[in-house]
Structures are given as structure tokens and as C-alpha cells.
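Below is one structure, written out as C-alpha cells, with a few remarks after it.
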Amino acid sequence: MAWTVASWNVNSLKVRLPQLLEWLAHHRPDAVALQETKLEDDKFPALELAAAGYQVVFAGQKTYNGVALLARDPIEACAYGLPDFADEQKRVLSGTVNGIRVIDLYVPNGQSVGSEKYAYKLNWLAALERWLEQELRQYPNLVVLGDFNIAPADEDVHDPWEWEGQVLFSEPEKAAFHKLIELGFVDSFRRFPHPPKTFSWWDYRLNAFKRNRGLRIDHILVSKALAARLSGSLIDVAPRTLERPSDHAPVLTTID
DNA sequence: ATGGTAGAAACTCTA
């Protein structure tokens with residue numbers, strides 16, 4: 001039986017809940033990782049999602065960040081945050097669904113190369129790498145997905161020359177992404193053919209979506225054991241065409 | 001040309 005997992009940076013779950021419910025009804029993914037919920041936990045729409053057939057776990061805060069996992073079957077052994085990296089920002093949430101360990105990430109944006117937030121991003125990614133090395137040993141069936149805020153290769157950027165050296169596409173960020181891959185992950189999207197210039201995020205400004213001036217910064221990495229079972233991958237741009245969209249499109253991967 | 005838009009919240013920060 002095929003198993004589908006998705007990731008979507010919703011940029012405010014309060015605003016995007018109607019779009020999310022519609023999207024869940026249409027795609028019926030088995031597990032979903034959300035980022036930028038921007039909700040404190042007492043405001044999380046657990047009842048609405050339960051009515052849609054999803055169990056939920058979440059780690060939120062006011063105004064910024066916030067992650068959540070949704071699944072049709074129970075989410076077990078939940079864990080919060082990066083170990084050995086004290087952080088008030090709610091960016092990491094883990095759980096086991098249908099025997100597959102799922103880690104939802106909202107990687108720091110980094111703001112601009114050389115800024116304090118950029119240094120925080122690189123330190124955060126180094127801590128992530130150390131942790132995922134251990135997680136891979138513990139969980140052979142491991143999915144790490146979310147908003148990585150890194151476009152890993154030229155093919156993932158509408159204009160690599162324009163973006164060269166910029167945050168989301170700087171060499172240290174790309175190096176950090178490739179070190180994650182080298183731990184033993186596969187970028188599920190690139191296991192299947194896609195049209196050129198397929199992206200997952202477009203700036204709200206300057207008609208970037210209409211002009212397809214996007215980046216592919218949302219990723220679903222799967223361990224080698226799961227990579228052998230991949231049967232498809234997709235970025236669903238439809239929600240980005242709606243009124244009042246998130247700036248990110250959902251990404252999906254199916255495992256047989 | 002260093003802009004512009006969106007979200008949350010509070011007249012600014014983050015992305």
C-alpha cells in the first residue's frame with residue numbers, strides 16, 4: 001500500500017487552515033509536516049484537523065516559526081527540538097508514523113549572508129548534521145522533510161547567476177545541505193523527472209510567482225532504505241495560485 | 001532602483 005508524506009510551509013496556519021483542509025481532502029496524504037504555523041499551542045486547530053481525519057502534534061510560539069505533524073494513523077514517540085542545541089525557536093518536531101520516523105524541520109532563513117541570523121543558521125545546520133547521523137543509525141526508515149531554506153543546486157534556482165552568493169544559495173549553505181545528503185539521504189524530488197524550473201517557493205513581491213522567479217527550498221530527504229521504495233515525488237503548485245496563498249507550495253513523496 | 005508583499009502585532013520585525 002502506497003504511503004504519501006507531504007511538507008508545506010503554510011505561513012500562518014490561522015490564515016491557511018481553509019486551504020489546508022481543502023488540500024488534505026483532495027490529496028489525503030498519510031503524513032504531513034507543516035512549518036511557520038505562527039500559532040501558540042493553545043490556538044492550534046486540533047479539532048478541525050481531527051474532523052478532517054488527522055491526528056496532530058505541534059510545537060508553536062507566538063508570531064514566528066512553529067511546526068506540526070499530521071497523520072491519519074497514530075504519531076508515536078514524539079520528540080521536540082534539536083538535542084544539544086538550546087533554542088527557544090520552535091523549528092523541529094519528530095514522530096513515528098506507520099513505522100517510519102519523520103522529522104519535520106523549519107531551518108532558519110538566515111536573513112542575509114554575514115548577518116547574525118546567518119551564523120545562527122549555519123550553527124543550527126551543524127547541530128542538525130550531528131544529530132541526524134545518530135538518528136539514521138537508530139531509524140533506518142527515516143524521512144527528514146520541511147523548509148530547508150536552501151536551494152541545493154543551480155537547477156533549483158530561477159536565475160543562479162542572480163542568486164550566486166545570496167542567502168538561500170550561498171556556498172556554505174549548499175555545503176551544509178550536501179553534508180546532510182552524504183550522511184545517507186536521497187533528495188526524493190530528484191529521483192524522478194520533473195519539468196525544468198520546478199520550484200517550491202516564490203517571493204510575494206514583484207509578481208515572482210507569475211514570472212516563475214522561484215527557488216526549490218522545501219525538501220523531502222529519505223534514508224537509503226526508504227529510497228529503494230520511492231514511487232513518486234511532486235510539487236503541487238496549485239495552492240500557490242489561490243487567493244491569499246502561502247509563499248510556499250506543498251511538496252509530496254510516495255513510498256510503496 | 002536596495003525597491004516590492006504578506007503575516008502578526010503593534011507602529012516594527014521577519015521572511
Side-chain angles (χ1 to χ4, degrees), chain A residues 7-23 33-45 48 58-68 81 85 87-93 104-125 128 145-152 156-170 172-174 176-177 199-219 235-251:
Chain A
S7 173
W8 193 4
N9 179 325
V10 292
N11 186 20
S12 170
L13 184 53
K14 181 182 175 186
V15 171
R16 233 62 69 192
L17 182 61
Q19 290 183 18
L20 175 65
L21 292 172
E22 178 76 16
W23 190 83
L34 303 178
Q35 305 87 37
E36 285 204 89
T37 56
K38 297 185 174 179
L39 283 178
E40 291 177 293
D41 288 346
D42 62 352
K43 299 187 173 69
F44 193 88
E48 291 88 338
F58 42 87
Q61 64 185 93
K62 191 188 273 194
T63 310
Y64 303 121
N65 310 312
V67 284
F85 192 91
D87 195 351
E88 293 302 307
Q89 303 187 27
K90 305 299 187 187
R91 297 181 173 279
V92 182
L93 183 52
D104 178 11
L105 300 180
Y106 176 46
V107 176
N109 171 280
Q111 195 165 60
S112 62
V113 172
S115 67
E116 272 183 36
K117 290 189 177 66
Y118 182 78
Y120 163 68
K121 180 180 193 173
L122 294 182
N123 288 335
W124 195 98
L125 287 164
L128 175 68
L145 77 172
D147 177 359
F148 283 69
N149 270 315
I150 301 172
D156 302 313
V157 180
H158 67 88
D159 184 344
W161 182 83
E162 177 183 325
W163 278 84
E164 187 180 356
Q166 300 298 308
V167 75
L168 313 184
F169 194 56
S170 72
E173 292 165 89
K174 286 186 268 187
F177 184 89
F199 304 125
S200 70
W201 169 82
W202 303 258
D203 197 296
Y204 283 121
R205 296 168 286 190
L206 300 170
N207 288 315
F209 180 67
K210 196 183 290 182
R211 301 155 70 196
N212 198 30
R213 290 171 56 87
L215 305 182
R216 191 177 69 94
I217 58 176
D218 300 87
H219 306 295
I235 299 178
D236 180 16
V237 298
R240 190 64 176 79
T241 69
L242 300 174
E243 288 293 321
R244 253 195 132 180
S246 168
D247 46 350
H248 294 252
V251 301

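All heavy atoms count here, side chains included; hydrogens, waters and symmetry mates do not. Per chain, numbering begins at 1; letters A, B, ... match sequence-line order.
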Can you list the residues that meet the salt bridge (charged side-chain N to carboxylate O under 4.0 Å, His left out) rule with Asp87(A), with sequence neighbours excluded? none
Got a sec, which pairs hit salt bridge (charged side-chain N to carboxylate O under 4.0 Å, His left out) with one end in residues 10-23 of chain A, sequence neighbours left out? none
Residues that Lys121(A) engages under side chain to side chain donor-acceptor pair (under 3.5 Å), provided they are two or more places apart: Glu173(A)
With sequence neighbours left out, the residues meeting salt bridge (charged side-chain N to carboxylate O under 4.0 Å, His left out) with Glu48(A) are none
Restricting to salt bridge (charged side-chain N to carboxylate O under 4.0 Å, His left out), what partner residues turn up for Arg240(A), sequence neighbours left out? none
Between Ser200(A) and Asp218(A) (side chain of the first, backbone of the second, donor and acceptor by atom type, cut-off under 3.5 Å), is there such a pair? yes
The answer to which of Lys14(A) and Leu206(A) contacts DNA chain B further toward the 5' end, by nearest nucleotide, is Leu206(A)
Can you tell me how far C1' of dG3(B) sits from CD of Glu162(A), to the nearest Å? 13 Å
Given the C1' atoms of dT12(B) and dA1(B), what is the spacing between them in whole Å? 24 Å
Measuring only the C1' atom in each nucleotide, how far is dT14(B) from dA9(B)? A whole number of Å is fine. 12 Å
N/O to N/O distances under 3.5 Å, protein versus nucleotides 12-15 of chain B:
from    : atom 1 : to        : atom 2 : distance (Å)
dT14(B) : OP1    : Lys117(A) : NZ     : 3.3
dT14(B) : OP2    : Lys117(A) : NZ     : 3.3

Measure from CG on Leu13(A) to P on dA6(B) and round the result to the nearest Å. 20 Å
Does dG7(B) have OP1 or OP2 sitting under 4.0 Å from an N or O in the side chain of Arg16(A)? yes
